[in-house]
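Structure first, commentary second.
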Amino acid sequence: MVDGKEKWLVSMDAAERLTYLNRDVHVEHIIKGRELIGLRARVPLVNRDVPILPAGFVDPKNGTGIVMSVPAHAPYDYQALSDLKAGIHAAGVVIHEYASIHADILKIEPIVMIESEYSKDGVPASVVIKRYGISRQDDPRLEYATNELYSHEFYKGRISSDPSITMEYSGMSVKDAREKVRDDMLKRNLADTMLDLAKPVRCRCGAECVVKILEDQWFINYSDREWKRLAHKCLDSMQILPEDIRDEFVYVIDWLRERACARRSGLGTKLPWDENWIIESLSDSVIYMAYYIIAKYARMLNVDGIDDRFFDYVLLGVGDPSSIAESCKVSKDLIEQIREEFLYYYPVDSRHSGRDLVPNHLTFFIFNHVAIFPQELWPRQIVVNGSVLMDGKKMSKSLGNIVPLRKAIREYGSDAIRASLLISAELLQDADFTLDMLKSIREKVERLYSICIQFANATRDKSNSYNRVCEGSGGGYGQEHGYEHEQKQEHKQEDEYEYEDVWLMSRLQHMIKSTTDAMDRLRVREALNNLLYIMDQDMQWYLKRAKSKGRGDDEIASTIIQFLDARVRMLSPFMPFICEEMWSVLGGKGFVSMAEWPKVTPSMINSTVDEGESLIMHVMEDVEKIIKVTGMKPSRITIQVAEAWKWELYLRILSIINDGVTNYGDVMRMLVKGSSSGGSDSIATYAKSKPEMVKRMIESILSTPPESRLSRASIGVLDEVRVLSDAIPLLEKEYNCRVEVMVEDSSSSSSSIVAKKSALPYRPAIYIA
RNA sequence: GCGGGGGUUGCCUAGCCUGGUCAAAGGCGCGAGGCUUAGAACCUCGUCCCGUAGGGGUUCGUGGGUUCAAAUCCCACCCCCCGCACCA
């Protein structure tokens, strides 16, 4: 008996769920489904009697637990009917008890009432079942067949025009007819609604979820237009990292509407004006950053005495502290202190959270701040991150792919774990954490640590004043470091500083800049990549160059330590513990965590040396390519550098390109025009006589990084002989043969191979014998 | 359906906004060599195709277009992932 009016026949489960929907349910009889078999039921609306059939696939937990059989259009029903006709019930079991109605069952024929592509070849359900090759009602593919047929008929099907069956719905689209039938039945009181879940939902505790109607529900009205406007305004002024996610916030602000903000059970704060309700946690968490600040004072306060006026003053600065102190029984000083502390922290500079909270918490956070606080206290930034995957999969106990934190820290150390998490992904991506990565990071860091020890020792052996490198005031690379290099040059013999030293210090400035930029944008992965890998490469090159000249550790320790000093400072946020250790080894004062972040010292950037070293690297690359392709073992390598007129031409083209003219024809025209407009005659002549040279130079310049084009222009003619001669020890050691460097002599280019591709500036001709 | 993100060289992933630095960074995997009693680890080199001179060819989901020049800009199409609620 439902609502004291009607007798309903539903599953036990449905009877229970109806009670949650605030229906008055009385269970009068419990009937076994089998008792109904063979009886007949009347179909509402059409008023026809139909037999009641058994079916194994009907879920008593779904809806009323009773379904209408539509064998023409529901693959499940069709298959079940076929099975019954063959004397088979669910799961292939032959059921004899239905023998009495078998004759009736045999008479049942599917009635096709939807026309679509599928109805052309007979009964649609049968068509689709045959296509899938299904022959039993427990075949899982029935699910796919059902989906396919349902969605096709729903969007494209029409109700057939047989008025005896389809009544006034003939010809309507299924989509429209479905709505109309429902409405008509409700209108004529032939049906009722029962709220239910589309799919079974389970709670984390394992229990099945049901739909429950709550009375007197409280809502937060996020639909309010003015409120939305303010939220947008706040978002527009905020920094969102990464930017990609901003559009999602925009959408959510518009999409959000009334949200139930309280519930009847669970943990949480009681709703102040209705103690029967508990504030739903996502609605409660919107300004708890503000609460964090005053939380620690909670015990010092007379909580019972506190009312809205206290909060108005602390959070909004409204009211008179003296009178509030009196009425709330809190000391005025304390109130002032809390207010002061609140203003110290607020506005929120950065809220950092997971991307799954964008459609709720993070957006509520914006909404509620703009609702409560004046504009100057609105949040400034939101940072959104992805989640952590383990070996490419979501971590879960059932997959067994979790490593307990304590265990991981014990085995690998927290530094390596932090770093491998940070290096595995940028902000928004899911970070794929692997043990391989963890191990490799750990080893990388251990090596770095031993390098610190190695060079710290080298310095101590020499017992000179190099240690001061790490003793900047406050430990920082402040302005004081700006003159480091020049000052040293004065104090020491000129020849103690080699090109590689200058180069390494110059590279360091680039790395500081690039890493700082990355950190400013919270591109942690990029920053860490610089610190761990790129700077390592630089150091390797430096060591290679220095060692080839026979310089000992003590001679290069000063430079290396300066480099390490900055590296450790920047690495410290990523791996704080080992960095303190390295800092101490390097002779730093205090804690590296308190030391200043390095600053770029422009005077230490030396583009001539930068270009020089990259010239050496390119020459080596080319030599290696030649050796690889020819398969020869060099006995002598001759490097011929471009002669003066080529430099003249090159620099002219470079400046044309730097002015934005990159097209060959245009460049050529400008080169030639140069002579008539008072420019250099010789350049015009060269250009005219060697057009292919011009072409090669343009190509070469265009394949150079733009910054490098500019610095090359400012350098002018690079003394390539001097640069390359400095690298002769390295080259001879690498290739184990004699190496000579000279300016090319076009008048007597003896070697045909060299002549074929003669030297360009920054692109010497190489001859290997 | 609505909204967001994405398809890159064996894999994962940078680059795309601001076109030429791109045959394309880094990591993993794989191969060769070094080290080692051996292995693990580590180091060096290689890892689209062709090539006995630093070169050439074909690539960045598909098809068009713009440009001297496209992974990058424009248009169309195909495919994949995520969210869509009162639940943290």
Side-chain angles (χ1 to χ4, degrees), chain A residues 155 201 203-204 209 214 217-220 222 242-252 254-263 266-268 280-285 354-361 363-364 386-387 389 391-392 420 423-426 428-430 432 434 436-437 439-444 446-447 523 525-526 528-530 532-534 537 540 544 614 618-632 634 657 661-667 695 698-709 734 751-754 756-757 763-769:
Chain A
Y155 290 111
V201 176
C203 163
R204 284 183 192 171
C209 297
L214 297 174
Q217 179 63 270
W218 292 94
F219 293 87
I220 294 179
Y222 289 114
E243 257 306 310
D244 315 29
I245 203 87
R246 183 185 291 276
D247 288 348
E248 218 161 308
F249 277 105
V250 172
Y251 178 75
V252 173
D254 287 330
W255 166 81
L256 232 39
R257 49 173 209 255
E258 301 78 10
R259 182 187 167 90
C261 59
R263 58 182 173 193
L267 295 173
E280 178 271 321
S281 50
L282 278 170
S283 303
D284 203 13
S285 61
R355 69 166 310 161
D356 49 337
L357 294 178
V358 171
N360 40 63
H361 168 74
T363 307
F364 300 164
S387 46
L389 302 181
D391 289 321
S420 41
I423 205 165
S424 65
E426 289 294 354
L428 202 52
Q429 295 163 355
D430 289 339
D432 191 2
T434 64
D436 284 346
M437 174 63 74
K439 286 177 196 158
S440 110
I441 299 261
R442 189 191 160 100
E443 272 140 18
K444 190 122 208 141
E446 280 170 353
R447 240 170 298 137
R523 303 261 304 194
R525 171 170 141 144
E526 191 179 323
L528 200 46
N529 196 51
N530 278 346
L532 245 32
Y533 298 108
I534 312 286
Q537 283 170 17
Q540 296 303 333
K544 212 161 150 183
S614 78
H618 280 133
V619 166
M620 288 178 72
E621 259 171 48
D622 283 347
V623 168
E624 275 147 28
K625 272 189 196 164
I626 295 168
I627 292 175
K628 191 189 159 202
V629 172
T630 61
M632 57 203 305
I657 288 179
V661 180
T662 53
N663 187 314
Y664 170 71
D666 296 341
V667 172
K695 203 163 198 167
I698 293 172
E699 274 169 22
S700 154
I701 292 167
L702 283 179
S703 65
T704 306
E707 318 85 71
S708 184
R709 291 178 209 163
E734 284 287 308
S751 161
S752 57
I753 298 168
V754 174
K756 205 164 70 187
K757 289 252 163 102
R763 207 72 213 278
I766 298 165
Y767 177 60
I768 299 181

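A, B, ... follow the sequence lines: proteins, then strands. Residue 1 opens every chain.
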Using the [atom1] atom on both, measure [N] against [M] and round to a whole Å.
N     : M     : atom1 : value
B/A71 : B/C22 : P     : 13 Å
B/C48 : B/C60 : C1'   : 12 Å
B/G57 : B/G3  : C1'   : 44 Å
B/U18 : B/A23 : C1'   : 23 Å
B/A70 : B/G20 : P     : 11 Å
B/G15 : B/U9  : C1'   : 13 Å
B/U62 : B/C11 : P     : 14 Å
B/G10 : B/G19 : C1'   : 29 Å

Partner lookup for [N], please. Criteria are Watson-Crick or G-U wobble with both distances under 3.5 angstrom; report none if nothing qualifies.
N     : answer
B/G54 : none
B/G20 : B/C68
B/C84 : B/G1
B/A76 : B/U62
B/C35 : none
B/G26 : B/C12

Which is it for A/Glu734 and A/Lys544 under the side-chain contact (heavy atoms from CB on, under 4.5 Å) test, yes or no, and what are the steps along the way? CA-CA 10 Å; A/Glu734 284 287 308; A/Lys544 212 161 150 183; 3.4 Å; yes

SG-CG distance between A/Cys261 and A/Asp284, expressed to the nearest 0.5 angstrom: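 Going from SG on A/Cys261 over to CG on A/Asp284, the span is 10.0 Å.
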
What are the two closest heavy atoms between [X] and [Y], and how far apart are they?
X        : Y        : answer
A/Glu258 : A/Phe219 : CB-CD2, 3.9 Å
A/Leu256 : A/Pro359 : CD1-O, 4.1 Å
A/Ser285 : A/His361 : OG-ND1, 3.0 Å

Any A/Ile701 side-chain heavy atom under 4.5 Å of A/Arg709 side chain: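 The answer is yes, as the side chains (C-beta and beyond) meet within the 4.5 Å cut-off.
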
To the side chain of [X], which of [options] is closest?
X        : options             : value
A/Asn360 : B/C87, B/U21, B/G46 : B/C87
A/Leu702 : B/G20, B/A85, B/G54 : B/G20
A/Trp255 : B/C87, B/C84, B/G5  : B/C84
A/Pro359 : B/G54, B/C87, B/G83 : B/G83
A/Leu282 : B/G26, B/A53, B/C87 : B/C87
A/Arg259 : B/A53, B/G55, B/A85 : B/A85
A/Lys625 : B/C2, B/G26, B/G55  : B/G55
A/Asp247 : B/G54, B/G4, B/G20  : B/G4
A/Val629 : B/G5, B/U52, B/A85  : B/U52
A/Ala260 : B/G5, B/C86, B/G83  : B/C86

Can you check the [X] [atom1] to [N] [atom2] distance for me, whole Å?
X        : N     : atom1 : atom2 : answer
A/His361 : B/G83 : NE2   : C1'   : 17 Å
A/Asp254 : B/A85 : CG    : P     : 17 Å
A/Ile627 : B/G46 : CD1   : C1'   : 15 Å
A/Arg257 : B/C86 : CZ    : C1'   : 10 Å
A/Glu624 : B/G54 : CD    : C1'   : 11 Å
A/His618 : B/G55 : NE2   : P     : 11 Å
A/Ile534 : B/A25 : CD1   : C1'   : 7 Å
A/Tyr222 : B/C86 : OH    : P     : 15 Å

Please lay out, stage by stage, how A/Lys695 and A/Ile698 fare under the test side-chain contact (heavy atoms from CB on, under 4.5 Å). CA-CA 5 Å; A/Lys695 203 163 198 167; A/Ile698 293 172; 5.8 Å; no

For a quick check of understanding: with a heavy-atom distance under 4.0 Å over all strands, which category does [X] fall into, base, sugar-phosphate or nothing?
X        : value
A/Glu258 : base
A/Pro764 : base
A/Arg447 : sugar-phosphate
A/Ile768 : base

On RNA chain B, check which nucleotide each of A/Phe219 and A/Tyr251 is closest to and give me the residue with the more 5' one.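 Of the two residues, A/Tyr251 wins.
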
For A/Gln537 and A/Ile626, take the nucleotide of RNA chain B holding the closest heavy atom to each; which residue's nucleotide lies nearer the 5' end?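 Of the two residues, A/Gln537 wins.
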
Any donor-acceptor pair under 3.5 Å linking the side chain of A/Thr630 with the backbone of A/Ile626?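 Yes; at least one donor-acceptor contact below 3.5 Å.
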
